Amino acid sequence: NALHGWLIYGFELGLFVIFVFHIVSAFTVAWTDRRKARQQGYKYNRDAGGKSRKTFASRTMIYTGAILLVFVIGHIYLFKFGNHEIDSHGVKNLYKTVVTVFKGIGFTIFTVVAMVLLGFHLRHGFWSAFQSLGWANDKYLPVLVRVALVFAVLLAIGFIALPVYLYLFGDPNLVQATGGH
């Protein structure tokens, strides 16, 4: 179906635009915060007291983001443009590609680590996005922080489950029930 193909390309383009906007925004915020935060360095480097929202996730956003960028580029290259087995109808056997790749312990471990980092990245990014937009206050922020944790953990576990399952139980020689399509 030609419409189906164009819809996929449209969604891919939309995701690409959102992804690029996210990266540009992240660097803009990081650059602006560093330049405007203070003209002169701290005389003493110590805790200011009180409750801080600084976490491992917030302190490593740029690093987890960079690792996730490498992961996404590799993921797209491998599964969109990689060397796929083609069936008699000219259709890529993505099932075999996915299972074959995840049978390799190195790629599976890299994927699991990347998804754990995604969890950290989302944990901070979810609630801080609401705060940056001015939609969080003292009443709602604790709820948003808890929702962000649940969201991040569930998403990370969900994305980790498939590669681990395929590594343990996947059979690249299994033909899909749809006749190999």
Side-chain angles (χ1 to χ4, degrees), residues 1-31 57 60-130 132-133 135 147-167 169-181:
N1 183 327
L3 177 62
H4 177 258
W6 284 106
L7 285 174
I8 289 174
Y9 291 133
F11 279 109
E12 287 174 342
L13 179 62
L15 285 171
F16 178 75
V17 168
I18 291 167
F19 195 65
V20 169
F21 176 76
H22 176 75
I23 292 168
V24 169
S25 297
F27 277 107
T28 302
V29 167
W31 178 257
T60 60
M61 287 296 281
I62 193 75
Y63 306 112
T64 57
I67 294 167
L68 290 169
L69 176 62
V70 169
F71 174 81
V72 167
I73 290 169
H75 184 83
I76 290 170
Y77 174 77
L78 180 65
F79 296 117
K80 179 92 174 144
F81 305 109
N83 188 17
H84 305 287
E85 183 179 285
I86 307 293
D87 72 7
S88 60
H89 302 285
V91 177
K92 295 177 184 178
N93 187 345
L94 291 176
Y95 174 81
K96 185 169 186 173
T97 301
V98 170
V99 175
T100 302
V101 167
F102 285 124
K103 278 301 191 185
I105 188 69
F107 192 80
T108 301
I109 288 173
F110 176 63
T111 301
V112 168
V113 169
M115 294 306 98
V116 168
L117 295 176
L118 175 66
F120 281 113
H121 198 79
L122 290 173
R123 178 180 181 250
H124 177 73
F126 183 88
W127 70 262
S128 68
F130 284 94
S132 295
L133 293 169
W135 298 346
V147 169
L149 177 61
V150 171
F151 173 72
V153 167
L154 289 177
L155 219 58
I157 288 172
F159 284 140
I160 288 169
L162 182 66
V164 170
Y165 177 83
L166 292 176
Y167 176 76
F169 306 111
D171 181 0
N173 297 313
L174 185 66
V175 176
Q176 290 178 290
T178 60
H181 294 69

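It should be emphasised that the depicted structure is a prediction, and the values quoted were computed from it without experimental measurement.
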Problem set entry | CD1-CD1 distance between Ile67 and Ile62, expressed to the nearest 0.5 angstrom | 11.0 Å
Seminar exercise, completed: Sorted by chain and number, sequence neighbours left out, side-chain hydrogen bond (donor to acceptor under 3.5 Å, both in side chains) with Thr111 holds for none
Exercise. Looking at Gly119 and Ala152, what are the two nearest heavy atoms and their distance?
Worked result: O-CB, 3.1 Å
Exercise. Is there any side chain to side chain donor-acceptor pair (under 3.5 Å) pair reaching into residues 98-108, and which pairs are they, with sequence neighbours excluded?
Worked result: none
Exercise. Is there side-chain contact between Leu118 and Thr64, with at least one heavy-atom pair below 4.5 Å?
Worked result: no
Problem set entry | Point-to-point distance, once rounded to the nearest 0.5 Å, from CD1 of Ile8 to CG of Leu13 | 13.5 Å
Problem set entry | Any pair counted as side chain to side chain donor-acceptor pair (under 3.5 Å), so long as it reaches residues 7-27, sequence neighbours left out | Glu12-Lys80
Problem set entry | Phe11: partners by ring pair (Phe, Tyr, Trp, His ring centres under 6.0 Å), with sequence neighbours left out | none
For this session: If the plane angle is over 60° it's perpendicular, under 30° parallel, otherwise tilted; pick one for His124 and Trp127.
Result: perpendicular
Problem set entry | Within 6.0 angstrom of Phe110 CZ, more than 12 heavy atoms from elsewhere | yes
Problem set entry | Phe126, CZ atom: more than 12 neighbouring heavy atoms under 6.0 Å | yes
Problem set entry | Val101 and Leu78: CA distance, side-chain angles, deciding distance, side-chain contact (heavy atoms from CB on, under 4.5 Å) verdict | CA-CA 9 Å; Val101 167; Leu78 180 65; 3.6 Å; yes
Seminar exercise, completed: Lys96 and Asn173 have their tightest heavy-atom pair at NZ-OD1, 4.0 Å
For this session: Starting from the C-alpha separation in whole Å, work towards a yes-or-no answer on side-chain contact (heavy atoms from CB on, under 4.5 Å) for Val91 and Ile86.
Result: CA-CA 5 Å; Val91 177; Ile86 307 293; over 6 Å; no
Problem set entry | Gap between atom OH of Tyr95 and atom CG of Asp171 - 0.5 Å precision | 6.5 Å
Exercise. So do the side chains of Leu94 and His84 get within less than 4.5 Å of each other, counting heavy atoms only?
Worked result: yes
Seminar exercise, completed: With sequence neighbours left out, the residues meeting ring pair (Phe, Tyr, Trp, His ring centres under 6.0 Å) with Phe107 are Phe102
Exercise. Within a reach of under 6.0 Å around CZ of Phe79, are more than 12 heavy atoms found that belong to other residues, nucleotides or ligands?
Worked result: yes
Problem set entry | For Ile109, all residues meeting side-chain contact (heavy atoms from CB on, under 4.5 Å), sequence neighbours excluded | Ile105, Val113
Exercise. Which pair of non-hydrogen atoms, one from Ile23 and one from Leu69, has the smallest distance, and what is that distance?
Worked result: CD1-CD1, 3.7 Å
Exercise. Could you state the interatomic distance from NE2 (His121) to CE (Met61), rounded to the nearest 0.5 Å?
Worked result: 4.0 Å
